[in-house]
Amino acid sequence: MIPPDHHRGLRRREFMRLALAGSAAVTLAACAPNPLITADQSPKPQPTLDDARRQTAQSAADLAALATACAGLEDADEAFAAWCTALAAQHQAHLSVLCQADPLGGVLADPTPIEQITAATPAVPAAQAEAMQVLAQRHAELAELTSSVAATQSGGSDADQTAGMALLWISQWLCAQVAATAFGSGDAAALSPAPVQGEAVPARTEMGDAAQARQVVLSHQRALVFGLQALYGRADYTQPIDGQLAARLSEAMRERDATAAAITAGGATPEPQPPEYAMPGDVTDPSQTAQIWGALELAVMNAWARLAAVDAAGRADASQQALTHAGRARDLGTALPFWPGWV
């Protein structure tokens, strides 16, 4: 028979062995590297604006302040004040996108500015007539700046990123050119509609290549011709605009044919034309003629802007085409959005 004390001794020795083994395991586990800590923990450099974005952002801030001050001039009429107020909002929208970390971030982008841009105190003109001259000159300078930056957007390993940034600058150039032309007329009554916010903002997207973009231009030109034919066929010549339809229809057909010829010359085939196009309004309602026509011109403008973005070699010509259609749309009472070219 084994004495009871002998069992107690065994139990004590067994407990000590288990305790020592557990302590060793804990020690080894504590000394082992954590497999979850693998990322580089060193501080990351904060993003900053490049010179082009910083300079353009400063211009946008300064022009927003100037436009706001001009809207409050004592002799400012209603049309001029409304234009200046809308212009200030447009520049603020441009400033926000230029200063955020990702200017192509779309509606979900973090709008927190990575650099604070403070507007200079504007030298406010004494009267509306002088203000129109100053605003025209300042926007002509901005157009020159944004055009020069747009011209540098080419190459790179990410074609969509490059084209997106090109469109960012082309869009601002269009806005500046339109404002310079509007104020340059010197006639507040001829300012045409002020810019509106619109629905689109710069966003990273698949831009395609020049051949694809040219097909898009052709598609919208065909829609314009279709719409003009529908409007012309129903015109009763009781409105001044009815007399302009025939001339613009002939011109639009020539433009459509020139684009189709360019596609063929590039070794491609124009895509088949659908039998009809959806119209942005009721073509049987004479009161909607200008609205429908203007929306169709605006769509062609957007298509030319996209082509300008993806085709560095033909950017200057495509940009001018976009500007021409912007003017046509505005002449019909169609306002340009804050970001023309983005849809």
Side-chain angles (χ1 to χ4, degrees), residues 47-71 82-120 122 134-153 163-183 193-205 298 301-302 305-306 308-309 319 322-323 326 330 335-343:
T48 59
L49 299 180
D50 58 33
D51 289 342
R53 283 170 64 187
R54 185 179 296 108
Q55 186 176 356
T56 309
Q58 186 65 62
S59 294
D62 293 347
L63 283 169
L66 176 60
T68 299
C70 289
W83 232 101
C84 288
T85 300
L87 189 63
Q90 183 182 66
H91 283 303
Q92 287 289 353
H94 291 182
L95 173 64
S96 177
V97 169
L98 287 167
C99 289
Q100 66 192 29
D102 184 4
L104 300 181
V107 295
L108 298 180
D110 181 358
T112 305
I114 57 177
E115 286 188 27
Q116 292 291 340
I117 302 293
T118 303
V134 172
L135 287 167
Q137 178 59 36
R138 293 288 300 276
H139 283 89
E141 293 169 357
L142 178 59
E144 184 176 352
L145 170 61
T146 50
S147 176
S148 65
V149 179
T152 67
Q153 305 299 307
M165 289 304 297
L167 186 54
L168 177 80
W169 296 107
I170 292 166
S171 185
Q172 293 174 91
W173 171 79
L174 282 167
C175 293
Q177 283 281 26
V178 165
T181 301
F183 288 118
V196 295
Q197 183 172 354
E199 297 180 358
V201 296
R204 191 170 288 98
T205 185
L298 194 67
M301 178 210 72
N302 287 329
R306 175 185 172 184
S319 296
L323 182 61
R330 281 173 35 77
L336 262 64
F338 285 179
W339 292 103
W342 293 95
V343 294

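For the numbers below, each heavy atom of this structure counts, side chains included, while hydrogens, waters and symmetry mates do not.
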Output the distance between atom [atom1] ([X]) and atom [atom2] ([Y]), rounded to the nearest 0.5 Å.
| X | Y | atom1 | atom2 | result |
| --- | --- | --- | --- | --- |
| Leu168 | Leu104 | CG | CG | 6.0 Å |
| Trp339 | Gln90 | CH2 | CD | 8.5 Å |
| Trp169 | Ser171 | CH2 | OG | 11.5 Å |
| Gln172 | Leu167 | CD | CG | 10.0 Å |
| Gln177 | Ser319 | CD | OG | 10.0 Å |
| Gln58 | Thr118 | CD | OG1 | 7.5 Å |

Ionic contact status for Arg54 with Asp51, cut-off 4.0 Å: yes

Taking side chain as C-beta onward, heavy atoms only, is [X] less than 4.5 Å from [Y]?
| X | Y | answer |
| --- | --- | --- |
| Leu174 | Thr146 | no |
| Cys99 | Leu49 | yes |
| Asp110 | Asp102 | no |
| Pro195 | Trp83 | yes |
| Glu199 | Trp342 | no |
| His139 | Leu87 | yes |
| Arg306 | Val343 | no |
| Arg138 | Leu142 | no |

Determine the minimum heavy-atom distance between [X] and [Y], stating which atoms define it.
| X | Y | value |
| --- | --- | --- |
| Pro103 | Met165 | CG-SD, 4.0 Å |
| Gly341 | Asn302 | N-OD1, 2.9 Å |
| Ala86 | Ala194 | CB-CB, 3.7 Å |
| Thr85 | Ala71 | OG1-CB, 3.8 Å |
| Gly106 | Ala203 | CA-CB, 3.7 Å |
| Gln100 | Pro111 | OE1-CA, 3.8 Å |

Would you say Gln55 has more than 12 foreign heavy atoms packed within less than 6.0 Å of its CD? no

Near Glu115 CD, under 6.0 Å, is it more than 12 heavy atoms from other residues, nucleotides or ligands? yes

Checking [X] side chain against [Y] main chain: does a donor-acceptor pair fall under 3.5 Å?
| X | Y | value |
| --- | --- | --- |
| Ser96 | Gln92 | no |
| Thr152 | Val149 | yes |
| Thr56 | Ala52 | yes |

